[in-house]
Amino acid sequence: MGLSAKDSLQLREALQTAVVKCSERCLYQSAKWAAELLDALPEPDLDTPMAEDVAEPAVHPAFAPNPDPAEAALEARELSRYLLARSFFDCKEFERCAAVFLPEPLLASLLGTDPADVAPPKAKGKAKAGAVPAVSSDDRLPELSQKSLFLALYAKIIAGEKHKDEEAEMIMGPHDSGAVVNKQLVVVSRFLARWFAKRKADDADYPPTQGFLEYLYGMVLAKEKNDNLALEYLMQSVHLFPWNWGAWQEMTNLISRVEQLNKIAPHLPQNIMSFIFHANAAVNLYQQGPDQAASVNDLLSIFPTSSFLLTCKALLCYHSKDLFAAEHEFNKVLALHPFRLDALDHYSNILYVLNRRPKLAFLAHLCSNIDKFRPESCVVIGNYYSLLSLHEKAVQYFRRALILDRSCLSAWTLMGHEYVELKNTHAAIESYRRAVDVNRRDYRAWYGLGQTYEVLEMHAYALWYYKKAAGLRPWDAKMWQAVGSCLQKMGRDRDGIKALKRALLADSYYDTATAAAAAAPPSSFAGGGGDRTAQMDPEVLLQIATMYDRLGELDEAKAYMELCLAQEEGINAAADDSAGRAAGGGLGESVAVHDSPGSDAEAEAADPATREGTGVTFATSKARMWLARYAIQTRDYATANRLAMELCQDGVEVEEAKALMRQARSGLAELGSAPGGGASSSVAGEDLHHRRQSRG
């Protein structure tokens with residue numbers, strides 16, 4: 001994707017206008033986002049004819065008066081009060097800022113009650129919250145410009161959030177139920193409902209809206225759980241002013257499934273902001289693959305040094321389990337923007353999983369020097385202490401992050417992990433529940449709840465939470481492996497086998513995606529990610545075989561035990577051994593699967609160079625023992641003797657292996673072919689020598 005010189009100049013002007021408009025309304029995060037994107041846009045070449053032909057206007061459009069005469073007149077009349085309110089907001093005196101335009105007596109007369117006494121809506125339905133109260137038609141709304149009205153109402157919401165944090169109890173304290181609400185939401189919701197209802201009246205003649213009040217109303221409705229109406233107003237907002245990134249973020253938070261994203265995509269404004277929104281929403285929905293990577297790389301061709309887009313690219317690698325590529329991308333972000341703390345908590349998670357202790361120590365030191373009172377800094381430091389197994393210290397820093405921002409999702413989830421390590425299951429469950437309250441799309445919290453209930457041996461609860469996690473990450477093998485293991489413990493072997501086969505297929509999804517990315521044009525993020533050797537997880541294969549054994553299906557059990565054993569030799573042996581068996585077991589003939597690096601702290605990011613085979617593991621030794629016993633039962637004494645000798649050399653259950661070896665030799669003696677004296681014994685010895693050499 002490329003832009004012409006004219007399009008590039010128009011984009012630059014639009015971003016400059018966005019920074020000014022958002023700053024005027026104290027939407028500083030949106031202004032910062034637009035300014036960072038503007039800085040990433042390459043400077044125009046002054047030698048091009050296009051740049052020479054364009055004359056600079058006397059006044060930049062960002063500072064031009066409001067094109068609507070009525071709004072311009074109101075803004076001019078309110079300029080002194082607007083400057084006063086703006087100064088109060090910048091000094092964090094939010095209630096004084098709101099009172100400049102909307103004093104409390106005025107709000108009380110409009111809403112028919114004291115705003116401080118308004119209770120939040122108790123309706124649980126998504127369409128019931130935010131109902132417009134019946135008030136007298138004689139109550140007239142104050143005649144204010146949209147800019148001043150937005151600033152006053154926004155200050156009201158921020159003041160309510162401040163009081164909410166002050167009234168909240170200590171994090172994870174005995175009275176911290178998370179039920180404290182922002183009491184100003186109902187006030188702002190009722191006011192805006194009346195304001196929009198008045199403008200939509202048939203006989204009303206008002207100037208067009210600017211999109212910011214729609215954004216504010218959508219944000220309030222979202223906090224009141226009125227998701228459908230909130231999404232409607234937010235879409236109106238981005239159509240009226242598409243450069244307010246805050247509105248796009250609120251929409252992203254409301255979209256819970258890819259189908260919902262695809263449904264609203266045709267109704268969005270067709271501009272570059274919609275393209276950025278779609279790429280960011282896909283990342284938040286844990287999507288990955290060549291299409292998403294190509295979208296992000298197309299945007300990076302326009303904004304080459306954008307920290308936001310580079311972070312999206314790193315998170316795409318993270319979600320596709322390419323942790324080495326994700327680490328590389330975050331290194332690039334840190335090199336280009338060494339003082340940017342946004343999303344470094346994700347980077348610290350990657351370093352934790354990869355066991356990069358020196359690099360994580362450097363990152364923690366860097367964050368502490370930049371701003372030790374940012375939630376991201378506290379999460380990074382907490383991860384560092386967790387890697388050192390100082391779990392109490394880690395909990396202390398995660399708590400500090402939550403004191404600074406109670407909606408910090410990473411802190412809630414990671415604190416739950418630490419409480420699991422400390423064997424405090426009650427606190428772990430509460431932490432995970434609070435993480436789910438912040439973001440119901442966070443599969444890590446659902447998975448953590450499942451793990452905690454499994455520790456408590458409450459398998460029905462654990463299964464429900466594991467299924468929620470698997471629904472959010474249907475192509476994550478760890479999720480399905482957890483579901484299958486839980487079903488196995490509940491005695492539901494048939495369902496457990498289905499889930500574990502799904503885990504094997506889930507691994508193949510990432511392998512197929514990586515192969516497609518490697519074959520894609522250079523724009524794909526995984527194009528240089530190296531070859532991932534396809535490999536099955538021997539633990540999963542052993543579990544499937546064990547469940548078939550319990551069901552009495554010995555042929556299937558033997559097939560999967562042999563497939564598990566073949567993983568010692570690597571991909572070629574496994575492929576040869578599974579050619580005819582995988583199809584019969586429901587895996588699919590053309591599926592190439594590999595050992596997943598897992599998800600989050602459970603990931604095992606193996607170096608591709610070491611993925612030729614697993615070597616001897618506990619799972620493969622268990623499979624070898626089962627096959628040796630099976631060979632004894634079927635009177636295949638030569639095979640039983642060979643497998644028992646391998647177990648002795650492996651040093652696994654040596655006494656039982658020796659007993660099997662004696663039993664096998666006794667059987668061979670009865671058949672007239674004692675080991676050490678016949679041709680079959682010689683062949684078995686040569687085969688054993690060959691296998692030992694190949695296994696190293």
Side-chain angles (χ1 to χ4, degrees), residues 124 171-179 225 256-257 285-286 349 386 391 394-395 398-399 402 406-504 506 537 539-540 542-544 546-547 550-551 596 598-603:
K124 293 184 179 179
I171 298 292
M172 298 291 290
H175 303 292
D176 181 27
S177 62
K225 308 300 182 185
S256 58
R257 307 189 71 85
L285 292 170
Y286 308 113
N349 289 339
S386 179
H391 302 297
V395 168
F398 293 141
R399 279 176 177 268
L402 292 168
R406 283 181 174 257
S407 64
C408 183
L409 180 63
S410 295
W412 283 118
T413 306
L414 294 173
M415 190 163 70
H417 295 343
E418 296 308 307
Y419 278 128
V420 170
E421 294 291 335
L422 294 169
K423 312 300 183 187
N424 189 346
T425 53
H426 176 76
I429 289 171
E430 182 61 24
S431 297
Y432 290 135
R433 288 192 187 280
R434 298 290 285 275
V436 167
D437 290 340
V438 173
N439 184 359
R440 299 190 68 81
R441 297 194 308 263
D442 183 28
Y443 73 94
R444 301 173 183 87
W446 292 111
Y447 184 78
L449 281 168
Q451 281 187 313
T452 310
Y453 277 110
E454 192 170 16
V455 169
L456 296 173
E457 297 186 357
M458 301 172 69
H459 300 300
Y461 285 93
L463 179 62
W464 192 86
Y465 290 117
Y466 281 145
K467 284 183 176 180
K468 290 286 289 186
L472 291 166
R473 289 274 289 181
W475 293 108
D476 193 329
K478 284 289 181 182
M479 306 299 110
W480 290 108
Q481 189 174 351
V483 171
S485 299
C486 202
L487 288 167
Q488 182 183 14
K489 291 174 182 176
M490 296 173 69
R492 296 167 58 182
D493 291 333
R494 191 71 64 184
D495 292 332
I497 289 171
K498 292 179 182 178
L500 291 175
K501 287 181 178 179
R502 181 72 180 267
L504 295 176
D537 188 345
E539 291 284 349
V540 176
L542 177 64
Q543 283 183 284
I544 294 174
T546 302
M547 283 189 278
R550 290 203 312 206
L551 291 171
S596 165
S599 53
D600 291 337
E602 273 52 289

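Side-chain atoms are counted along with the backbone in the values below, which use heavy atoms only and exclude waters and symmetry mates. Remember, it's a predicted structure, so these values are computed and weren't measured experimentally.
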Determine whether R434 and D437 satisfy the following criterion, side chain to side chain contact (heavy atoms under 4.5 Å, CB included), listing intermediate values before the conclusion. CA-CA 5 Å; R434 298 290 285 275; D437 290 340; 4.2 Å; yes
Show, in sequence, the C-alpha distance, side-chain angles and deciding distance for L463 and M490, and conclude whether the side chain to side chain contact (heavy atoms under 4.5 Å, CB included) test is met. CA-CA 9 Å; L463 179 62; M490 296 173 69; 3.9 Å; yes
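Ring geometry for W464 versus W446: interplanar angle over 60°, hence perpendicular rather than tilted (30 to 60°).
By the salt bridge (Lys or Arg N to Asp or Glu O under 4.0 Å) test, R492 is found to be paired with D495, residues two or more places apart in sequence or in another chain being considered. Residues satisfying the side chain to side chain contact (heavy atoms under 4.5 Å, CB included) test with E454, not counting sequence neighbours, are H459, A462, Y466, K489. Partners of R406 by salt bridge (Lys or Arg N to Asp or Glu O under 4.0 Å), not counting sequence neighbours, listed by chain and number: D176.
A 6.0 Å sphere centred on CZ of R257 holds no more than 12 heavy atoms belonging to other residues, nucleotides or ligands.
Exactly one of Y432, Y447, Y453 qualifies for a side-chain contact (heavy atoms from CB on, under 4.5 Å) with Y465. That residue is Y453.
Residues M415 and L402 meet the side-chain proximity criterion, which asks for heavy atoms closer than 4.5 Å. Residues D442 and V436 form no side-chain contact, since every pair of their non-hydrogen atoms from C-beta on lies 4.5 Å or further apart.
A pairwise comparison of heavy atoms in H391 and E418 identifies ND1-OE1, 2.7 Å as the closest pair. For the residue pair L500 and M547, the shortest heavy atom distance occurs at CD1-CE, 3.1 Å. Nearest approach of S485 to Q543, heavy atoms of both residues: OG-NE2, 2.8 Å. The minimum heavy-atom distance linking A477 with A503 is given by the pair CB-O, 3.4 Å. Across K467 and V483, no two heavy atoms sit closer than the pair N-CG2, 4.1 Å.
If you take CD on Q481 and SG on C486, they are separated by 12.5 Å, rounding to the nearest 0.5 Å. Rounded to the nearest 0.5 angstrom, T452 OG1 and H426 NE2 are separated by 12.0 Å. Between the CZ atom of R441 and the CG atom of L472 there is a distance of 9.0 Å, given to the nearest 0.5 Å. With rounding to the nearest 0.5 Å, the separation of CG in L409 from CG in N439 is 5.5 Å. Interatomic distance, OG of S256 versus CZ of R440, reported as 10.0 Å (0.5 Å rounding). In this structure, OG1 in T413 is found 7.5 Å from CZ in R444, a value given to the nearest 0.5 Å.
In this structure, R494 contributes its side chain and L551 its backbone to no donor-acceptor pair below 3.5 Å. Judged purely by atom type and a 3.5 angstrom limit, W480 uses its side chain to pair as donor or acceptor with the backbone of P474.
Side-chain contact, N349 with S410: no donor N or O sits under 3.5 Å from an acceptor N or O.
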